[in-house]
2 protein chains.
Amino acid sequence: MSKVKKLYESYDWVGEIANKTIIELQKTAEILTELHNDFFSRFDISSTKFNFLVILYTGYDEGMMLSEIGEQMLVTKANITGLVDRLEKQGYVKRKRDLFDRRKVIAMITDKGKSFTEKVIEEYKVWSKSIMTILEDDEKSQLIGLLKKIQVGLIDKI
Amino acid sequence: MSKVKKLYESYDWVGEIANKTIIELQKTAEILTELHNDFFSRFDISSTKFNFLVILYTGYDEGMMLSEIGEQMLVTKANITGLVDRLEKQGYVKRKRDLFDRRKVIAMITDKGKSFTEKVIEEYKVWSKSIMTILEDDEKSQLIGLLKKIQVGLIDKI
DNA sequence: ACAAAATAGTTAATATATAAACTATTTACA
DNA sequence: TGTAAATAGTTTATATATTAACTATTTTGT
């Protein structure tokens with residue numbers, strides 16, 4: 001059951017096209033997040049957990065440092081601790097101390113986590129294709145181009 | 001201080017362009033959310049609180065039903081209760097019972113909330129313009145067009 | 001008119017996110 | 001070499017989000 005009922009145009013207060021662009025980006029992303037939540041809840045994970053697992057899955061076999069994973073996600077270090085706690089509880093990840101630098105904690109994906117991630121990735125590919133049928137392929141490329149340009153522009157402002 | 005360090009291309013696992021589109025949308029939105037948080041934290045609010053206030057500000061003078069506001073935001077009714085609690089504590093909003101249907105709760109924006117919202121809106125306009133300089137105006141229109149198309153497509157899938 | 005269903009909002013339990021303070025360990029350098 | 005600074009992660013307090021169960025009120029259908 002979703003929260004989204006209909007699309008409102010609730011921004012009379014916006015004048016500039018820059019404003020509108022940001023708001024439409026946010027709105028699109030909110031709807032997308034909503035859909036992602038629906039999708040991932042079928043597997044009892046969140047999209048953050050999925051991101052974490054994918055990074056670990058496609059990463060090195062010896063595992064990865066927590067902060068190394070954190071750098072690739074928009075997640076603070078405090079949050080990584082909790083994230084790993086919960087993933088550990090689900091049996092998808094385990095912790096290991098780095099023997100050469102005992103400050104570091106290495107996260108390793110378990111066999112259970114590996115096969116789980118493979119399964120979700122496959123279903124995610126099918127799912128994301130199915131929800132993106134509204135755009136033609138050239139529109140998708142166009143959109144990706146614009147988004148990457150924005151990302152480059154935004155990352156400088158941070 | 002922000003979490004974002006650099007832009008990773010961490011999706012070797014993605015094949016389809018539909019996949020990439022969604023991931024780039026998410027990534028863009030995450031960076032944008034991060035920037036929004038930085039912006040709004042200067043005013044001691046979240047972007048959700050701002051949304052709420054703007055809807056109330058541009059709405060009817062007699063206030064609005066909580067669920068009516070909720071319909072325009074991607075927020076569950078349980079969350080609205082807490083949101084209004086916190087906004088009430090900040091003095092920007094007050095509650096009122098609907099006399100004709102006592103199930104309903106009306107949220108009213110206070111004078112303090114009104115002038116606060118006006119101030120934030122003005123600064124938001126300047127801010128959003130400044131962070132969107134990377135795109136030309138015709139690119140922005142193009143992007144808005146694509147985003148609206150996606151929204152229409154996605155809303156059907158929910 | 002009245003019982004059942006629908007509606008509006010709150011509460012409770014839990015998950016997820018943040019910042020700030022903290023512990024443990026390693027590195028830098030005087 | 002020993003102390004200050006830097007680094008990695010955890011803990012704590014709090015904000016925000018979700019779902020499910022709950023209360024109060026109104027509407028519906030007979």
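So you know, we letter chains A, B, ... as the sequences are listed, proteins then strands, and number each from 1. These values consider heavy atoms only, across backbone and side chains, with no hydrogens, waters or symmetry-generated copies.
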Handout entry: Value in whole Å for how far the C1' atom of D/dT12 lies from CG of A/D85
Key = 14 Å
Completion exercise
The single option from B/K49, B/K112, B/K96, B/R95 that satisfies salt bridge (Lys or Arg N to Asp or Glu O under 4.0 Å) with B/E88 is B/R95
Handout entry: Phosphate OP1/OP2 of C/dT18 contacted by A/N79 side-chain N/O (<4.0 Å)
Key = yes
Practice task
Could you tell me whether A/K94 and A/D111 make a salt bridge, using a distance below 4.0 angstrom between a side-chain N and a carboxylate O?
Solution key: no
Exercise for the section: May I have the distance from B/E88 (atom CD) to C/dT10 (atom C1'), rounded to whole angstrom? Expected result: 13 Å
Problem - Closest to the A/A78 side chain, choosing from C/dA20, C/dT11, D/dT25 - result: C/dA20
Practice task
Would you please indicate if the ring centroids of A/Y124 and A/F50 are separated by under 6.0 Å?
Solution key: yes
Practice task
Output yes when at least one side-chain N/O atom of A/T76 is less than 4.0 Å from OP1 or OP2 of C/dA17, else no.
Solution key: no
Exercise for the section: Check the distance between C/dT11's P and B/L83's CG and give it to me in whole angstrom. Expected result: 15 Å
Practice task
Can you see which heavy atom on B/A18 is nearest to which on A/M132, and at what distance?
Solution key: CB-CB, 3.7 Å
Handout entry: Rounded distance (Å) that lies between atom P of D/dG9 and atom CE of A/M64
Key = 11 Å
Handout entry: the helix from C/dA1-D/dT30 to C/dA30-D/dT1: angle between end helix axes, five pairs per end, rounded to 10 degrees
Key = 10°
Handout entry: Protein proximity profile, nucleotides 4-9 of chain C - base contact B, sugar-phosphate-only contact S, no contact -, cut-off 4.0 Å on heavy atoms
Key = --BBSB
Handout entry: Check: A/E24 main-chain N/O paired with B/Q151 side-chain donor or acceptor under 3.5 Å
Key = yes
Exercise for the section: Would you indicate what A/K49 reaches in the nucleic acid, counting non-hydrogen atoms under 4.0 angstrom: base, sugar-phosphate, or nothing? Expected result: sugar-phosphate
Exercise for the section: Determine: side-chain N/O of B/T48 to OP1/OP2 of D/dA17, distance under 4.0 Å, yes or no. Expected result: yes
Completion exercise
To the nearest angstrom, the CZ-P distance between A/F40 and D/dT18 comes to 16 Å
Practice task
Grab the CD-C1' distance between A/Q90 and C/dT16 for me, whole Å please.
Solution key: 13 Å
Practice task
Could you check B/F52 against B/V84 for side chain to side chain contact (heavy atoms under 4.5 Å, CB included), going step by step and ending with a plain yes or no?
Solution key: CA-CA 9 Å; B/F52 189 98; B/V84 175; 3.5 Å; yes
Exercise for the section: Assign B/S41 to base, sugar-phosphate, or nothing according to its heavy-atom contacts below 4.0 angstrom with the strands shown. Expected result: nothing
Handout entry: Any side-chain heavy-atom pair of B/Y92 and B/L56 under 4.5 Å
Key = no
Fill in the blank from the handout: Of B/G82 and A/I45, the one whose closest nucleotide on DNA chain C sits nearer the 5' end is B/G82
Practice task
Run the numbers on A/K140 and B/K20 for side chain to side chain contact (heavy atoms under 4.5 Å, CB included), then give the verdict.
Solution key: CA-CA 9 Å; A/K140 289 183 199 121; B/K20 282 193 180 129; over 6 Å; no
Problem - Hydrophobic cluster partners of B/M108 (side-chain heavy atoms under 4.5 Å) - result: B/M65, B/I106
Exercise for the section: Without swapping roles, check the side chain of B/Q142 against the backbone of A/L146 for a donor-acceptor pair under 3.5 Å. Expected result: no
Problem - Phosphate-side-chain proximity, A/R86 and C/dT16, N/O vs OP1/OP2 below 4.0 Å - result: yes
Exercise for the section: For B/I80 and D/dT19, give me the distance from atom CD1 to atom P, rounded to whole Å. Expected result: 14 Å
Practice task
Find the distance A/D38:CG to D/dT19:C1' and express it as a whole number of Å.
Solution key: 13 Å
